Amino acid sequence: MMRSLAELTTLRVGGTPNSLVIATSESEIIDVVSAKPNALILGGGSNVLVSDNFHGDVIKIESQGFENDESACAGAWVTVAAGHNWNDFVATAVANGWTGIEGLAGIPGTVGATPIQNVGAYGQSVSETIAQVRAWNRKTKSVDTIFAADCEFGYRSSVFKTNPDTWVILSVTFQLPLGTMSAPIAYNELAAKLKVELGDRVSTSELQTAVLELRAGKGMVLDSADHDTWSVGSFFMNPRVATAPENAPHWPEADGSLK
Ligand SMILES: Cc1cc2nc3c(=O)[nH]c(=O)nc-3n(C[C@H](O)[C@H](O)[C@H](O)COP(=O)(O)OP(=O)(O)OC[C@H]3O[C@@H](n4cnc5c(N)ncnc54)[C@H](O)[C@@H]3O)c2cc1C
């Protein structure tokens, strides 16, 4: 029997699709997207709200695996298949001594979805470590390599989000510095949890554990037994303002505003 979108999304709502194809390789993704250009692309279903009246075609991306080309100078240059689980990849990075994404532990969904809204949490975002994205261009019917500088990354935004009908992401390449220490901690709540000062560094595994504990305390780690975690994460964004009230935590944005 056809699985409903309620079974494939973390909000657990959504109708039964007309068709559901599980694509497990790049060539399969390209073939099926070419055959069904208007299909809904689904990764882990953790950032979509689907109507009960939705009955369209769905392509679920489940390609797996990664390749690492590592050197002492460049660090780890890791290309990850779009359907690979994001949190599993973060755990792999921490275990292998690849730094820069440990603060993004516990975010559900797939690697291929992370560039779309420039996934971020606890002072890190994927735009800081993404080198390039390979994607099937539905308009030109060709594979594009989009370098980070052309991804138009912003706060929870990218060229992929602003052009939703153009690309289907096939893989994401990260350039991750080698090491076992985190970047300086830039997030008050995380510094307090780790009992360190802002700007201090801890091991990447300590930081990963602290983030997972903080997230679990807020119902932000998916747990099928805990209804409070059946969500799409935060559904608000921090406001961007010209000036922040005194003592309010704030972060500078590229356009000069404060988040
Ligand atoms: C408990 C919880 C906590 C969360 N915490 C955070 C957080 O801290 N920070 C944060 O930024 N987000 C967070 N999220 C949101 C979500 O996990 C991320 O946005 C994640 O990257 C979505 O991945 P997904 O594979 O589930 O995407 P899906 O929900 O399957 O898809 C999201 C969108 O991307 C498109 N898409 C998916 N894969 C592809 C692809 N390969 N090519 C083209 N388009 C594609 C879909 O069509 C859809 O429009 C959280 C969600 C939950 C449920």
Side-chain angles (χ1 to χ4, degrees), residues 10 43-47 64-66 68 70 75-81 83-131 155-156 172-238 249-251 259:
T10 55
S46 67
N47 209 16
Q64 301 292 311
F66 60 87
N68 174 27
E70 191 169 313
W77 182 267
V78 195
T79 298
V80 194
H84 200 93
N85 178 276
W86 170 255
N87 188 48
D88 288 352
F89 178 57
V90 173
T92 300
V94 170
N96 285 344
W98 307 335
T99 70
I101 54 173
E102 56 281 350
L104 304 175
I107 297 178
T110 55
V111 169
T114 60
I116 295 172
Q117 71 154 358
N118 183 15
V119 156
Y122 296 100
Q124 276 180 351
S125 55
V126 286
S127 58
E128 292 157 27
T129 45
I130 286 178
Y155 174 48
R156 296 298 164 274
V172 183
T173 301
F174 296 84
Q175 188 172 16
L176 303 171
L178 303 181
T180 52
M181 295 299 281
S182 73
I185 291 165
Y187 204 86
N188 279 315
E189 189 188 23
L190 190 53
K193 168 84 180 164
L194 286 158
K195 299 187 172 54
V196 298
E197 299 295 320
L198 276 180
D200 284 352
R201 303 169 74 200
V202 297
S203 76
T204 48
S205 63
E206 273 178 281
L207 192 130
Q208 176 197 24
T209 303
V211 165
L212 288 172
E213 286 176 6
L214 280 173
R215 296 185 75 95
K218 301 172 185 170
M220 291 291 269
V221 175
L222 286 181
D223 176 354
S224 56
D226 180 357
H227 201 307
D228 284 347
T229 70
W230 301 3
S231 73
V232 282
S234 306
F235 53 85
F236 61 87
M237 285 171 50
N238 293 318
H250 57 272
W251 294 266
K259 185 173 79 178

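Please read all numbers here as calculations on a predicted model, not as lab measurements. Numbers for residues simply follow the sequence, beginning at 1.
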Quiz item: Do any pairs count as a salt bridge (Lys or Arg N to Asp or Glu O under 4.0 Å) and have a residue in residues 206-217, sequence neighbours left out, and if so which ones?
Solution: K193-E213
Within this structure, what is the [atom1]-[atom2] distance for the pair [X] and [Y], rounded to the nearest 0.5 Å?
X: T92; Y: I101; atom1: OG1; atom2: CD1; value: 8.5 Å
X: E128; Y: L104; atom1: CD; atom2: CG; value: 8.0 Å
X: L194; Y: I185; atom1: CG; atom2: CD1; value: 5.0 Å
X: L176; Y: N96; atom1: CG; atom2: CG; value: 10.0 Å
X: D88; Y: N85; atom1: CG; atom2: CG; value: 4.0 Å
X: H84; Y: T114; atom1: NE2; atom2: OG1; value: 11.5 Å

Closest heavy-atom contact between [X] and [Y]?
X: G120; Y: I107; answer: O-CD1, 4.2 Å
X: P115; Y: V172; answer: CG-CG2, 3.8 Å
X: L190; Y: A210; answer: CD1-CB, 4.0 Å
X: G199; Y: P184; answer: O-CB, 3.4 Å

Practice problem: Provide the full list of side chain to side chain donor-acceptor pair (under 3.5 Å) pairs with a residue in residues 175-192, sequence neighbours left out, each pair given once. | Solution: E189-K218
Quiz item: Angle class for the W98/F66 ring planes (parallel below 30°, perpendicular above 60°, tilted otherwise)?
Solution: perpendicular
Quiz item: Using 30° and 60° as the class limits, which term best fits the ring planes of W86 and F174: parallel, tilted or perpendicular?
Solution: tilted
Exercise. Find out whether L207 and Y122 are in side-chain contact, i.e. whether some heavy atom of one side chain is under 4.5 Å from a heavy atom of the other.
Key: no
Quiz prompt | Side chain proximity check, V221 to T229, heavy atoms < 4.5 angstrom | solution = no
Exercise. Compute whether any side-chain donor of one residue and acceptor of the other, for S127 and N118, lie under 3.5 angstrom apart.
Key: yes
Exercise. For S205 and Q208, test the side chains for any donor-to-acceptor distance below 3.5 angstrom and give the result as yes or no.
Key: no
Any sub-3.5 Å donor-acceptor pair from [X]'s side-chain atoms to [Y]'s backbone N or O?
X: E102; Y: G100; answer: yes
X: T99; Y: P177; answer: yes
X: N87; Y: P108; answer: no

